[in-house]
Amino acid sequence: MLGPVILAASRSDKMRRFISAAPGTKQVVDRFIAGESVDQVVPVIEDAAAKGLEVTLDVVGEDITTPEQAAAARDAYLELIGRLEELGLGARAEMSVKLSMFGQALEGGHELALANVRPVVEAAAAIGTTVTLDAEDHTTLDSMFTIHEELRKDFPQTGCVIQSYLFRTEADARRLAAEGSRVRLVKGAYKEPASVAYQSKPEIDKAYVRILKTLMQGEGYPMIGSHDPRLIAIGQELARQAGRKLDEYEFQMLYGIRSEEHVRLAAEGHRMRVYTAYGTDWYGYFMRRLAEKPANLLFFGRSVLTKG
């Protein structure tokens, strides 16, 4: 029951100030956030490539309140793409973007977000990589899917994320699988009401398997976003049943979580992509990582107590 409480705290300015100032916070944040700048994250990308891993890069930050901040978020991604091109890492790294960073919640936000994300998608395509649109809370999804469809007219490799805890997702998966797009399936990490989302882990997991089966049997490219050993094994079996080769789907896991499993899957020949977040506005991302797994919260608590 701690998850909803932590997610609520993720939107509290008072909690943001308290946690940011806690003595042990940096130690835990460093576990999940690869750095604050492009320069700091480049060695992480290079290390992943050396291990046979791929990455998807997320410049963290969701509290966008002005068009200028949204433009700055766009420019941060363009800077990242420029560095990837310089280093020849485009084949190993894609981008994940939250449309809230590009101004989706502002007045005229749908058009603003599309205008800001398009040059990022164009720049990514120019260096041989792509962009995946992250799913956020359920109120943003119709806009996200519309932008996804618009971008795919010129950049069909543009991916999107769907969340198994939402009732709507099974229908979304059927539509997306038929279109041949790139789809990352995750459980979901936002506080959603019972009117739109499953609330228990068994229900969410069962929905995950049903949706993943749909994706595997479809024409798209499934991306299995999970650290759950059981779901990983089920994903492998569903891929086998669907007759998919190892390069016709991939696993995705978060930076700093089950790192040995990343390497193991890659060594077995699977495509393994590490979701790697970086930047200074880490609070919302960090709190969702705590909410997802109680062990992360215990680790954070011990760090704060031992540094106090």
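Sequence positions, counted from 1, serve as the residue numbers for this chain.
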message = A side-chain contact here means heavy atoms from C-beta on lying under 4.5 Å apart; do T276 and V44 qualify?
response = yes
request  = Rounded to the nearest 0.5 Å, what's the gap from CG on D172 to CG on L185? Could you check?
outcome  = 11.5 Å
message = Please determine whether side chain to side chain contact (heavy atoms under 4.5 Å, CB included) holds for the pair Q157 and R152, giving the CA-CA distance in whole Å, both sets of side-chain angles, and the decisive distance to 0.1 Å.
response = CA-CA 7 Å; Q157 69 274 31; R152 289 194 69 233; over 6 Å; no
message = Quiz question: by atom type and distance under 3.5 Å, do the side chains of T132 and E94 form a donor-acceptor pair?
response = yes
query = In this structure, which one of V97, L89, L80 forms a side-chain contact (heavy atoms from CB on, under 4.5 Å) with L57?
reply = L80
task = Report the distance from atom NE2 of H138 to atom OH of Y165, rounding to the nearest 0.5 Å.
result = 9.5 Å
task = Would you check if L141 and M144 make a side-chain contact, meaning some heavy-atom pair closer than 4.5 Å?
result = yes
ask   = Honestly curious: do I232 and L246 fall in one hydrophobic cluster under the side-chain, below-4.5 Å linking rule?
value = yes
Inter-residue atom distance L84.CG - L87.CG, 0.5 Å rounding = 7.0 Å
key: Validation row: T140, S100 side chains within 4.5 angstrom (heavy atoms)   = no
ask   = Rounded to the nearest 0.5 Å, how far does CZ of F155 lie from CZ of R118?
value = 6.5 Å
request  = Could you tell me whether D205 and R210 make a salt bridge, using a distance below 4.0 angstrom between a side-chain N and a carboxylate O?
outcome  = no
Ion pair check, K191 and D137, cut-off under 4.0 Å = no
task = Please name all residues satisfying side chain to side chain donor-acceptor pair (under 3.5 Å) with Q40, sequence neighbours left out, ordered by chain then number.
result = none
message = Assess, by modelled atom type and distance only, whether the side chains of T146 and E149 contain a donor and an acceptor separated by less than 3.5 Å.
response = no
ask   = Do I45 and V120 share a hydrophobic cluster (ILVMFWY, side-chain heavy atoms under 4.5 Å, transitive)?
value = yes
note = Sequence neighbours excluded, the answer for side chain to side chain donor-acceptor pair (under 3.5 Å) partners of R240 is E237
task = Determine, stepwise, if the pair R168 / D142 fulfils salt bridge (Lys or Arg N to Asp or Glu O under 4.0 Å).
result = CA-CA 11 Å; R168 66 172 289 170; D142 286 339; 3.0 Å; yes
query = Residues in side chain to side chain donor-acceptor pair (under 3.5 Å) with E86, at least two apart?
reply = R83
key: Flag for Q236-H270: side-chain donor and acceptor within less than 3.5 Å   = yes
request  = Apply the test side chain to side chain contact (heavy atoms under 4.5 Å, CB included) to residues S226 and Y208: give CA-CA distance (whole Å), side-chain angles for both, the deciding distance (0.1 Å), then the verdict.
outcome  = CA-CA 10 Å; S226 179; Y208 193 104; 3.7 Å; yes
ask   = Would you say R258's side chain and H227's backbone share a donor-acceptor pair under 3.5 angstrom?
value = yes
task = For the pair Q163 and L166, evaluate side chain to side chain contact (heavy atoms under 4.5 Å, CB included) and give the outcome as yes or no after the intermediate values.
result = CA-CA 6 Å; Q163 302 164 106; L166 295 176; 3.6 Å; yes
message = Checking side-chain polar atoms at under 3.5 Å, does Y221 have a donor or acceptor matched by the opposite partner on R244?
response = no
request  = Take E150 and L114, measure what side chain to side chain contact (heavy atoms under 4.5 Å, CB included) needs, and give me the verdict at the end.
outcome  = CA-CA 9 Å; E150 183 64 27; L114 176 58; 4.0 Å; yes
inquiry  = For a 4.5 angstrom cut-off between non-hydrogen side-chain atoms, does V274 reach F251?
reply    = no
ask   = Do the side chain of Q199 and the main chain of E192 share a donor and acceptor less than 3.5 angstrom apart?
value = yes
query = Taking 4.0 angstrom as the limit, do E268 and R264 come out as a salt bridge?
reply = yes
task = Find the distance between NE2 (H262) and CG (L254) and round it off to the nearest 0.5 Å.
result = 7.5 Å
query = Side chains of D228 and K187: closer than 4.5 Å at any heavy-atom pair?
reply = yes
inquiry  = Is there a path of hydrophobic side-chain contacts, each under 4.5 Å between heavy atoms, that joins Y190 and V186?
reply    = no
inquiry  = Minimum heavy-atom separation for A34 and V41, please, with both atom names.
reply    = CB-CG2, 3.7 Å
query = Are K213 and E170 within salt-bridge range, i.e. N to O under 4.0 Å?
reply = no
key: Cluster overlap Y249 with L53, hydrophobic side-chain contacts below 4.5 Å   = yes
query = Is K98 salt-bridged to E136, cutoff N-O under 4.0 Å?
reply = no
ask   = Is there side-chain contact between L133 and F102, with at least one heavy-atom pair below 4.5 Å?
value = no
ask   = Any sub-3.5 Å donor-acceptor pair from E85's side-chain atoms to I81's backbone N or O?
value = no
Value rounded to 0.5 Å, distance of OH in Y255 from OG1 in T56 = 15.0 Å
request  = Is it possible for you to say whether V38 and Y77 belong to one hydrophobic cluster, with membership spreading through side-chain heavy-atom contacts below 4.5 Å?
outcome  = yes
ask   = Between Y198 and F167, does the ring centre distance come in under 6.0 Å?
value = yes
query = Has the side chain of N116 got a donor or acceptor atom that lies under 3.5 Å from a matching backbone atom of R74?
reply = no
query = Is the side chain of R273 donor-acceptor paired with the backbone N or O of E54 at a distance under 3.5 Å, no angle test?
reply = no
